[in-house]
Amino acid sequence: MTAKRETELLASVPERLFIGGEWRAASGSRTLKVYDPSNRGFVKQIADASPEDGKAALDAAVEAFPSWAATSARERAEVLRRTFDLLQERKEDFALLMTIEMGKPLAEARGEVAYGGEFLRWFSEEAVRVQGRYGANPEGTGRMIVSQHPVGPCYLITPWNFPLAMATRKIAPALAAGCTVVIKPAELTPLTTLSLVELLEQAGLPAGVVNVITTSTSGKVSEPIIRDPRLRKLSFTGSTPVGQRLLEQASQGVLRTSMELGGNAPFIVFNDADLDKTVDGAMMAKFRNIGQACTAANRFIVQRSVVDEFARRVTERVRGLKLGRGTDEGVTIGPLINQDAVDKTTALVDDAVGRGASVTIGGSARGGAGTFYEPTVLTEVRPGSEILREEIFGPVLAIVPFDNEDDAVRIANDTEYGLVSYVFTESLSRGQRMIERLETGMMGLNVGVVSNAAAPFGGWKMSGLGREGGAEGIHEYLQTKYTLTPNPF
Ligand code: NAP
């Protein structure tokens, strides 16, 4: 990977806000800097939006809404499809950009381009399938018509861990439904969203339909937008505490909300599991994205008779992981996003070890310029350890033994979160029981990754509200109208 290619790519990324179809500087020409977490090197300086810029972006989305809502579904579908095609042409650029600003290994970044792109294609197909209903009322005195309508201007807030997929997962269904949007990516990883919006512009998106604000003051810029009575929908992906705060703000305008929040995924291994498949699944569920995924397995709940063998095998696999900058050959684990993430991981591991857990591999941060934490395996993690309660968001595989199925279910459900669970068993009936008993919105049964554009992604309990992807995804941006007309006869 040449430094020249990176320099050229970064020079081509837009550095201004995109509002009303124009790339413009932030008010007061304020800027923020983006850094590479693998070496903390400076990457690029971009516009830093103020609350006035946020208002201008919402003004543009409000103005563009009536005409975008009135376009045909086919027209909207084709813009999304063209954007998908353009993304395929530029897929290597997008992968490299994500590796630079976020740190994930290049192979994983390529995977995210494929996954993130699918939302553009999927919702280009769903756009033309929004249906209503027509039928007689039970009394036979009238006809009931049920129709779907775009909810209106939307505010989309995305996190840093999947810079492309979290943006396409919101923008694509919103546009397919006929909504206009303001999107605000995380300060740490804004470049991918800016480049994505450039693709939408090239695909022929009318001015004002998508507006981007990048900012170092997300709270100050977002609150007035959320409290503005013209906004009709808030879609947020991020941490549960921030989501709760935003829900309070959204309550003022009784906004439609979608909340994709934190997780604390159990990964249950029964003693009848195929251990080869299980270890493959465990490596994916834990170390993909350097453990920084809401779907990352957080607690490995393993039946006592196979716990030593499982720990031995995952430790061996972890020994084969290679830490480094995501662009370097053979690297499988990149840096954590920043020093706070390293400090949090360190504190969780130290707490678990202090309460009696053993470290079979890893167990500390790696010094140097980048924010790296060694991939780690902990065994015999004791009840009460913080690592079992908190979302780790780092490359630490924490193992808790269990004795019987009831035990496994009790431990797995003992969390306020309910995003995803993973179960490994060769017993069909046990797998079916787990579908019924685990309190999560998604489940991987003998697989370590569940995400798919065609599936309804979302959580139970404090992991969120609403679904992204699947047939459900577009309905988050539609509102229902029921009309009664008299019996025509
Ligand atoms: P975060 O701190 O909650 O930030 C998420 C987004 O919210 C960022 O764009 C952030 O911008 C913005 N934000 C922060 N404070 C805000 C405020 N007061 N008002 C408006 N916006 C605000 O979460 P994160 O650390 O970036 O992401 C990790 C979390 O996301 C984890 O908990 C993970 O589980 C969750 N996540 C969930 C899913 C899912 O689908 N369920 C998917 C991916 C990630 P700034 O960073 O610029 O402040």
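Indexing begins at 1, ligand by ligand and atom by atom, following the structure's order. No hydrogens, no waters, no symmetry mates; every other heavy atom, side chains included, goes into these values.
- Both tests do not hold together for Lys277 against Phe424: distance to the six-membered ring centre under 6.0 Å, angle to the ring axis within 45°.
- Between Phe393 and ligand 1, no pair of N/O atoms sits closer than 3.5 Å.
- Look at Asp340 and Lys344 and you find no salt bridge, because none of the NZ, NE, NH1 or NH2 atoms lies under 4.0 Å from a carboxylate O.
- Distances from ligand 1 to the non-hydrogen atoms of Phe162 include no value under 4.0 Å.
- Relative to atom 6 (C) of ligand 1, the option among Leu156, Ile157, Thr215 with the closest non-hydrogen atom is Ile157.
- In terms of N/O distances under 3.5 Å, ligand 1 is approached by Ser218.
- Counting protein heavy atoms only, atom 35 (C) of ligand 1 is closest to Gly238 O, 3.2 Å.
- Protein heavy atom in closest approach to atom 5 (C) of ligand 1: Thr237 O, 3.6 Å.
- The contact set between ligand 1 and Gly262, taken as ligand atoms under 4.0 Å from a residue heavy atom, comprises 32 (O), 34 (O).
- Across Gly441, Ala341, Ala186, heavy-atom proximity to atom 46 (O) of ligand 1 is greatest for Ala186.
- Every heavy atom of Met259 sits 4.0 Å or more from the atoms of ligand 1.
- At the top of the distance list for atom 2 (O) of ligand 1, counting protein heavy atoms only, stands Ser239 OG, 3.9 Å.
- Among residue pairs with one or both ends in residues 224-257, none qualify as ring pair (Phe, Tyr, Trp, His ring centres under 6.0 Å); sequence neighbours excluded.
- Judged purely by distance below 3.5 Å, without hydrogens or angles, the side chains of Asp53 and Ser27 pair a donor atom with an acceptor atom.
- The residues Lys233 and Glu476 are annotated as salt-bridged, a charged nitrogen and a carboxylate oxygen being separated by less than 4.0 angstrom.
- Shown in contact with Leu246 at under 4.0 Å from a heavy atom are these atoms of ligand 1, numbered in order with element: 19 (N), 20 (C).
- Between Lys184 and ligand 1, an N or O atom pair is found at a separation short of 3.5 Å.
- Scanning the protein for heavy atoms near atom 32 (O) of ligand 1, the closest one is Glu391 OE1, 2.7 Å.
- The pair Arg288-Glu108 fails the salt-bridge criterion, with no side-chain N (NZ, NE, NH1 or NH2) lying under 4.0 Å from an Asp/Glu carboxylate O.
- Judged purely by distance below 3.5 Å, without hydrogens or angles, the side chains of Ser38 and Arg325 pair a donor atom with an acceptor atom.
- Every pair passing ring pair (Phe, Tyr, Trp, His ring centres under 6.0 Å) that includes a residue from residues 18-63 is listed here, sequence neighbours excluded: Phe18-Trp23.
- Considering backbone and side-chain atoms together, Asn161 places no N or O closer than 3.5 Å to any N or O of ligand 1.
- Atom-to-atom distance recorded for Arg227:CZ and Leu255:CG is 10.5 Å, nearest 0.5 angstrom.
- Considering both main-chain and side-chain atoms, Leu261 comes within under 3.5 Å of ligand 1 through a nitrogen or oxygen pair.
- For atom 36 (N) of ligand 1, the nearest protein heavy atom (residue, atom name, distance) is Cys294 CB, 3.5 Å.
- Side-chain contact check for Thr193 and Lys184: no donor-acceptor pair (N or O, by modelled atom type) lies under 3.5 Å.
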